[in-house]
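The next block holds one structure in the form of structure tokens; read it before the comments.
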Amino acid sequence: YTDSCAAIADWFKANWKGKEKPRVAYLTADNAMGRSIEIPEMKAYLEKIGYEFVGTQLVPLVVTSPPTTQLTWLKEKGVDLALGVMINAGAQPTVKEMVRLGMGPDLDYKMTFGTASPGHAAIFVEAMGDLGEGYVCAGSFPPLDHLDVPGVKFIHEIQEMAHPGKFNNNIMYAGGFLEAMVQVEALRLAMEKVPFEELTPKAVLENGFYQIKDLETGEVSSTPITYGKGDIEGVDEVRIDQVQNGKVVKVGLYPLRHIYTKK
């Protein structure tokens, strides 16, 4: 979550045209997931790359009433970028209220709102359409209508073979497909060293997962997958999507910053 939010901050800063430091705040879910970005390292990184950190506003994980107070606070504080970790049940009503208050990249009060996955833009745009203009999500997968992506094309072929006429277009199908790719490759590599009958979880970890190097996924993952001892993230860049004209548009890849480190 922290690296995804840092990627959004990198992207926003790279496109910042103002003369003053951009002002950033957290607008995040009021649970352990959402508050996981409230660590000193995250604030320090944002300030290091040139932001003025303003503070935090919390919304329920599932928003049951418009977060007017929280958004008004951001507006009064002059926030340019709001970062958070939300599910769509939080992100969608939050953005709807932003629009009502005239807040957004192309509205009267210029503010961009970005979340880490699981605030998937593909799920968001299906419900919000043009109303969600400018919404940003980092750490997700290519939407399953992006047939120019090789891995997505493969997903379509597999689904048509397995259950024709019953296509599953949820973005997490891509996540599950990616997991299957990794599991199969780990088992394949492990069985090059250890007979099937002797496989154990430890053997698969050491001879399989840790040996995966530059596994191509057809761009289902943001970069090819590499694992090793002490290197369990797999990718080294974060995909960033933005809603533009009612569509999900990939706007960039930004490096993992390793904001959260195990002490």
Side-chain angles (χ1 to χ4, degrees), residues 1-12 29 33-34 36-37 83-92 95 113-129 132 134-163 166-186 209 212 214-227 231-257:
Y1 301 138
T2 49
D3 282 347
S4 289
C5 287
I8 296 172
D10 285 339
W11 164 78
F12 185 86
M33 175 187 75
S36 67
I37 61 175
L83 298 171
V85 189
M86 292 188 184
I87 60 175
N88 263 268
Q92 290 179 22
V95 171
F113 175 44
T115 72
S117 168
H120 304 287
I123 295 174
F124 180 94
V125 78
E126 188 173 352
M128 297 284 285
Y135 172 75
V136 177
C137 180
S140 191
F141 310 105
L144 296 188
D145 60 354
H146 288 203
L147 290 172
D148 57 324
V149 177
V152 170
K153 184 179 178 182
F154 185 42
I155 287 172
H156 277 255
E157 292 170 355
I158 291 293
Q159 288 208 42
E160 183 61 29
M161 181 182 68
H163 40 84
K166 297 180 179 179
F167 189 77
N168 184 334
N169 71 342
N170 189 281
I171 192 63
M172 287 313 297
Y173 191 97
F177 204 81
L178 177 60
E179 182 174 346
M181 289 182 184
V182 172
Q183 296 276 357
V184 169
E185 179 66 358
F209 287 102
I212 292 176
D214 294 321
L215 175 65
E216 288 289 346
T217 66
E219 299 176 31
V220 177
S221 56
S222 56
T223 67
I225 302 289
T226 295
Y227 291 119
D231 182 10
I232 58 172
E233 291 164 319
V235 297
D236 53 20
E237 292 181 321
V238 180
R239 175 190 173 106
I240 302 178
D241 292 309
Q242 186 176 37
V243 176
Q244 298 179 5
N245 299 315
K247 302 289 184 181
V248 177
V249 177
K250 178 182 176 182
V251 295
L253 292 171
Y254 284 80
L256 294 180
R257 298 303 184 182

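Since the model is a prediction, treat every value here as computed from it, not as a measurement.
Residues Ile225 and Glu185 fail the side-chain proximity criterion, which asks for heavy atoms closer than 4.5 Å. Two residues are said to be in side-chain contact when any heavy atoms from C-beta on lie closer than 4.5 Å; Cys137 and Ile8 fail this criterion. Ser221 places none of its side-chain heavy atoms less than 4.5 Å from the side chain of Met181. Phe12 is not listed as a side-chain neighbour of Val136, based on a closest heavy-atom distance of 4.5 Å or more. The side-chain heavy atoms of Val182 and Phe209, taken from C-beta on, include a pair separated by under 4.5 Å. The side-chain heavy atoms of Phe124 and Thr115, taken from C-beta on, include no pair separated by under 4.5 Å.
One finds the CG atom of Asn88 at 5.5 Å from the OH atom of Tyr135 (value rounded to the nearest 0.5 Å). Considering NZ of Lys153 and CD1 of Ile158, their distance stands at 13.0 Å, rounded to 0.5 Å. Expressed to the nearest 0.5 Å, how far CD1 of Ile155 lies from CG of Asn169 amounts to 11.5 Å. With rounding to the nearest 0.5 angstrom, the CD atom of Gln159 is 12.0 Å from the NZ atom of Lys166. Considering SG of Cys5 and CZ of Arg257, their distance stands at 14.0 Å, rounded to 0.5 Å. Put simply, CG on Asp3 and CG on Asp10 are 10.0 Å apart, with the number rounded to the nearest 0.5 Å.
With a 6.0 Å radius and a threshold of 12 heavy atoms from other residues, nucleotides or ligands, Asp231 has its CG atom above the threshold. Annotation for Glu237: atom CD counts as buried by contact number, over 12 foreign heavy atoms lying within 6.0 Å. For CD of Glu157, the number of neighbouring non-hydrogen atoms (other residues, nucleotides, ligands) closer than 6.0 Å is greater than 12.
Scanning all heavy atoms of the two residues, the minimum distance from Arg239 to Ser222 falls at N-CB, 3.9 Å. Nearest heavy atom pair, residue Ile37 against residue Gly84, reads CD1-CA, 4.0 Å. Heavy atoms only, all atoms of each residue included: Pro118 and Val85 are closest at CD-CG1, 4.3 Å. When every heavy atom of Ala174 is checked against every heavy atom of Val220, the shortest pair comes out as O-CG1, 3.6 Å. Across Thr226 and Asp214, no two heavy atoms sit closer than the pair OG1-N, 2.9 Å. Residue Ile171 comes nearest to Pro143 through the heavy atom pair CD1-CA, 3.7 Å, listed as atom of the first residue, atom of the second, then distance.
In this pair, His120 and Phe141 present their aromatic rings parallel. The plane angle is below 30°, not in the 30 to 60° band. Note on ring orientation: taking the six-membered ring where Trp is involved, the planes of Tyr173 and His163 are perpendicular (angle over 60°, cut-offs 30° and 60°).
Between the His156 side chain and the Leu144 main chain, a donor and an acceptor come within less than 3.5 Å of each other. Listed for the Ser4 side chain is no donor-acceptor partner under 3.5 Å among the backbone atoms of Tyr1. At distances below 3.5 Å, not a single donor-acceptor pair connects side-chain atoms of Asn245 with backbone N or O atoms of Lys247.
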Query raised in the report: Step by step, would you call Met128 with Val243 a side chain to side chain contact (heavy atoms under 4.5 Å, CB included)?
Result: CA-CA 10 Å; Met128 297 284 285; Val243 176; over 6 Å; no
